[in-house]
**Student:** 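Let me give you the structure first, and then I'll get to my questions.
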Amino acid sequence: MSTVDGEPQPAEPPASRIAPTPRPPNQPGQRGKPGKQPRSETSKGLLYGLSAYGIWGILPLYFIILVPAGPFEIVANRIVWSLLFCVILLSVMRAWKPAIVAFRNPRILGALTAAAVLIAGNWLIYVYGVTSGQAIEAALGYFFNPLVSVLMGVIILKERLRRLQWVAVAVGFVAVVVLVVVYGSVPWIALGLAFSFGSYGYVKKRVGRRVDAISSLSIETAVLAPLAGGFMIWLAATGGATLLSEGADHFWWMASSGIITAVPLIFFGAAAGRLPLSSMGMLQYMTPTLQFVIALVFLNEEMPLERWLGFGLVWVALVILTVDMLRVARTNRHLRRVA
């Protein structure tokens with residue numbers, strides 16, 4: 001399953017080496033109140049998931065704050081500051097060994113290099129869409145993403161779709177046709193985001209659980225950092241950089257891009273290890289929904305009736321896809337109980 005910034009696959013939490021000793025129940029007549037029950041793992045997972053998708057959902061507001069910086073400068077800063085934050089995080093967590101092992105593996109490094117190129121392109125398209133007044137179309141791209149993932153499964157992995165999945169893809173295709181008629185042109189931003197992120201998810205899936213989220217992000221940003229750093233130096237030399245010319249507030253907002261990139265990934269990894277895939281699949285719609293509402297309410301982008309029709313078809317396709325996903329999850333749970 002993909003995410004807006006990277007999609008680590010749900011990992012199972014490590015088993016404890018020593019089983020905890022159960023507490024004896026309170027006996028009648030004992031004084032004192034029973035201790036507060038610890039929060040369940042599912043509740044923690046839900047909290048982490050809501051936090052991750054919520055942060056990704058409000059990113060349009062963050063990128064608007066960074067104007068007058070252009071998309072290329074924003075993405076270059078995001079790469080460099082993310083790498084710096086990852087270095088600090090790896091040092092604090094003493095987690096350098098997995099990152100170094102992954103970096104020295106040619107197959108993993110090659111896959112993460114491809115992933116880095118794809119996610120950089122995804123970031124660039126998204127930032128351009130938001131800062132150019134096309135945040136609604138950018139949100140549409142992430143609504144399209146589940147449909148694109150299903151389609152890529154058919155084309156690349158030769159997967160066979162179930163009937164409802166075919167219906168969802170067909171409705172999604174009709175939605176694209178309607179939106180092309182409405183726009184008068186192909187919605188390149190939405191499709192670019194959907195296919196770049198879908199491809200990113202596919203590459204990350206091939207890496208699987210061999211690399212954790214922080215090591216993965218560290219390697220991806222390290223691969224991109226020389227180019228991003230060189231671009232930042234060139235901008236500064238030619239007088240086009242805004243990092244140091246727009247005041248302290250602007251500098252710290254730009255510098256915080258490392259935290260804003262890494263933190264939701266950590267939350268996502270924590271959620272994926274505690275929630276079933278069906279729950280994660282439902283939560284992923286939270287991000288484009290928030291982005292859509294922000295574009296409509298706070299950024300005052302236009303949403304004519306014809307556009308509502310196109311979006312409505314996409315949402316119908318997602319409902320069909322979700323019903324199919326929940327039905328399969330329920331069937332699998334039943335089979336596991338019977339087995």
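Position 1 is the first residue of the sequence; numbering continues from there.
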**Student:** Can you get from Ile294 to Trp253 by hopping between Ile, Leu, Val, Met, Phe, Trp and Tyr side chains that sit under 4.5 Å apart?
**Tutor:** yes

**Student:** Side chains of Ser199 and Ser196: donor-acceptor distance under 3.5 Å anywhere?
**Tutor:** no

**Student:** Is there a side-chain contact between Val223 and Leu112 in this structure, where contact means two heavy atoms from C-beta onward sitting under 4.5 Å apart?
**Tutor:** no

**Student:** My understanding is that only residues two or more places apart in sequence, or in another chain, count here; which of them pass ring pair (Phe, Tyr, Trp, His ring centres under 6.0 Å) with Trp81?
**Tutor:** Phe251

**Student:** Can you label the angle between the Phe63 ring and the Tyr126 ring as parallel, tilted or perpendicular, going by 30° and 60°?
**Tutor:**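 The rings of Phe63 and Tyr126 stand perpendicular, inter-plane angle above 60°.
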
**Student:** If I take atom OG1 from residue Thr221 and atom CG from residue Leu84, how far apart are they, to the nearest 0.5 angstrom?
**Tutor:** 10.0 Å

**Student:** Below 4.5 Å, heavy atoms only, C-beta onward: do Thr261 and Phe85 meet side chain to side chain?
**Tutor:**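 No, side chains not in contact.
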
**Student:** As an exercise, state the distance from CG of Leu265 to CD1 of Ile260, rounded to the nearest 0.5 Å.
**Tutor:** 13.0 Å

**Student:** Tell me whether Gln291 contacts the main-chain N or O of Ile136 through its side chain, where contact means a donor paired with an acceptor under 3.5 Å.
**Tutor:** no

**Student:** Would a hydrophobic clustering, with Ile, Leu, Val, Met, Phe, Trp and Tyr connected at side-chain separations under 4.5 Å, put Leu309 with Val316?
**Tutor:** yes

**Student:** Can you name the nearest heavy-atom pair linking Ile259 to Pro264, along with the distance?
**Tutor:**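 Heavy atoms only, the tightest pair is O-CD, 4.0 Å.
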
**Student:** Looking at residues at least two apart in the chain, or sitting in another chain, which of them share a side-chain contact (heavy atoms from CB on, under 4.5 Å) with Ala194?
**Tutor:** Phe144, Val148

**Student:** Report the C-alpha distance between Val178 and Phe173 in whole Å, list the side-chain angles of each, state the deciding distance to 0.1 Å, and finish with yes or no for side-chain contact (heavy atoms from CB on, under 4.5 Å).
**Tutor:** CA-CA 9 Å; Val178 170; Phe173 177 77; over 6 Å; no

**Student:** For Ala135, what residues pass the side-chain contact (heavy atoms from CB on, under 4.5 Å) criterion, not counting sequence neighbours?
**Tutor:**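 Result, side-chain contact (heavy atoms from CB on, under 4.5 Å) vs Ala135: Val130, Ala295, Leu299, Glu301.
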
**Student:** Kindly compute the distance separating CD1 (Ile214) from CE (Met93), expressed to the nearest 0.5 Å.
**Tutor:**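 The distance works out to 6.5 Å.
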
**Student:** Show the numbers, then the answer: is there a side-chain contact (heavy atoms from CB on, under 4.5 Å) between Thr42 and Arg274?
**Tutor:** CA-CA 6 Å; Thr42 301; Arg274 292 171 170 85; over 6 Å; no

**Student:** If you compare all heavy atoms of Glu137 against all heavy atoms of Ile189, which two are closest, and at what distance to 0.1 Å?
**Tutor:** OE2-N, 3.0 Å

**Student:** Could you tell me the separation between the CG atom of Leu193 and the OH atom of Tyr142, rounded to the nearest 0.5 Å?
**Tutor:** 4.5 Å

**Student:** Starting at CE of Met325, measure out to CG of Leu318 and round the result to the nearest 0.5 Å.
**Tutor:**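 Going from CE on Met325 over to CG on Leu318, the span is 10.0 Å.
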
**Student:** How about OH on Tyr62, more than 12 heavy atoms from neighbouring residues, nucleotides or ligands closer than 6.0 Å, or not?
**Tutor:** yes

**Student:** Answer with yes or no whether the side chains of Ser216 and Glu220 bring together a donor and an acceptor at under 3.5 Å.
**Tutor:** yes

**Student:** Could you check whether any side-chain N or O of Ser40 sits under 3.5 Å from a backbone N or O of Ser43, counting only pairs where one atom can act as donor and the other as acceptor?
**Tutor:** yes

**Student:** Identify the two heavy atoms, one from Val150 and one from Val169, that lie closest to each other, and give their separation to 0.1 Å.
**Tutor:** CG1-CG2, 4.0 Å

**Student:** Counting only heavy atoms not in Phe103, do more than 12 fall under 6.0 Å of its CZ?
**Tutor:** no

**Student:** Linking I/L/V/M/F/W/Y whenever any side-chain heavy atoms sit under 4.5 Å apart, do Leu179 and Val181 land together?
**Tutor:** no

**Student:** Measuring only between side-chain heavy atoms, which start at C-beta, is Tyr200 closer than 4.5 Å to Val203?
**Tutor:** no

**Student:** With no hydrogens and no angle check, is any side-chain donor or acceptor of Arg210 less than 3.5 Å from a backbone partner on Val207?
**Tutor:** yes

**Student:** Is the shortest heavy-atom distance from the side chain of Trp56 to the side chain of Phe268 under 4.5 Å?
**Tutor:**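 Yes, their side chains come closer than 4.5 Å.
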
**Student:** Ile155, Val176: one ILVMFWY side-chain cluster at the under-4.5 Å cut-off?
**Tutor:** yes

**Student:** Does anything in residues 228-241 form a side-chain hydrogen bond (donor to acceptor under 3.5 Å, both in side chains)? List the pairs, not counting sequence neighbours.
**Tutor:** none

**Student:** Given Phe292 and Trp315, is the ring-ring contact (aromatic ring centres under 6.0 Å, His included) satisfied, shown in steps?
**Tutor:** CA-CA 12 Å; Phe292 176 77; Trp315 292 331; 5.5 Å; yes

**Student:** Does the side chain of Ser149 pick up a donor-acceptor pair with the side chain of Tyr202 at under 3.5 Å?
**Tutor:**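 No, no side-chain donor-acceptor contact under 3.5 Å.
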
**Student:** Could I get the full list of side-chain hydrogen bond (donor to acceptor under 3.5 Å, both in side chains) partners for Ser215, not counting sequence neighbours?
**Tutor:**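 Here the qualifying residues are Asp212.
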
**Student:** Does Ile320 reach the side chain of Val323, with side-chain heavy atoms less than 4.5 Å apart?
**Tutor:**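 With C-beta onward as the side chain, the pair stays apart.
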
**Student:** Write down the atom of Phe231, the atom of Ala76, and the distance for their closest heavy-atom approach.
**Tutor:** CD2-CB, 3.9 Å

**Student:** Set out, in order, the CA-CA distance, both residues' side-chain angles and the distance that settles side-chain contact (heavy atoms from CB on, under 4.5 Å) for Leu59 and Thr287, then state yes or no.
**Tutor:** CA-CA 9 Å; Leu59 280 181; Thr287 293; over 6 Å; no

**Student:** From Leu313 CG over to Phe311 CZ, what is the distance, rounded to the nearest 0.5 angstrom?
**Tutor:** 11.5 Å

**Student:** Taking all atoms of both residues into account, what is the closest heavy-atom pair of Ala69 and Ile74, and its distance?
**Tutor:**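 Closest pair (atom of Ala69, atom of Ile74, distance): O-CD1, 3.6 Å.
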
**Student:** When hydrophobic residues are tied together by side-chain contacts of less than 4.5 Å, even through go-betweens, does Leu151 share a cluster with Ile156?
**Tutor:**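 Same hydrophobic cluster.
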
**Student:** Does anything in residues 160-187 pair up under salt bridge (charged side-chain N to carboxylate O under 4.0 Å, His left out), and if so which pairs, sequence neighbours excluded?
**Tutor:**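 Listed once each, the pairs are Arg162-Asp324.
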
**Student:** Would you check if Phe143 and Thr289 make a side-chain contact, meaning some heavy-atom pair closer than 4.5 Å?
**Tutor:** yes

**Student:** Just by distance, do the side chain of Arg307 and the backbone of Glu302 share a donor-acceptor pair under 3.5 Å?
**Tutor:** yes

**Student:** Does the side chain of Pro187 reach to within under 4.5 Å of the side chain of Val180, using non-hydrogen atoms?
**Tutor:** yes

**Student:** Quick one, Asn77 with Leu66, criterion side-chain contact (heavy atoms from CB on, under 4.5 Å). Give me CA distance, side-chain angles, the key distance, then yes/no.
**Tutor:** CA-CA 11 Å; Asn77 272 270; Leu66 299 184; over 6 Å; no

**Student:** Please name the pair of heavy atoms, one in Met254 and one in Leu243, separated by the smallest distance, quoted to 0.1 Å.
**Tutor:** CB-CD1, 3.6 Å

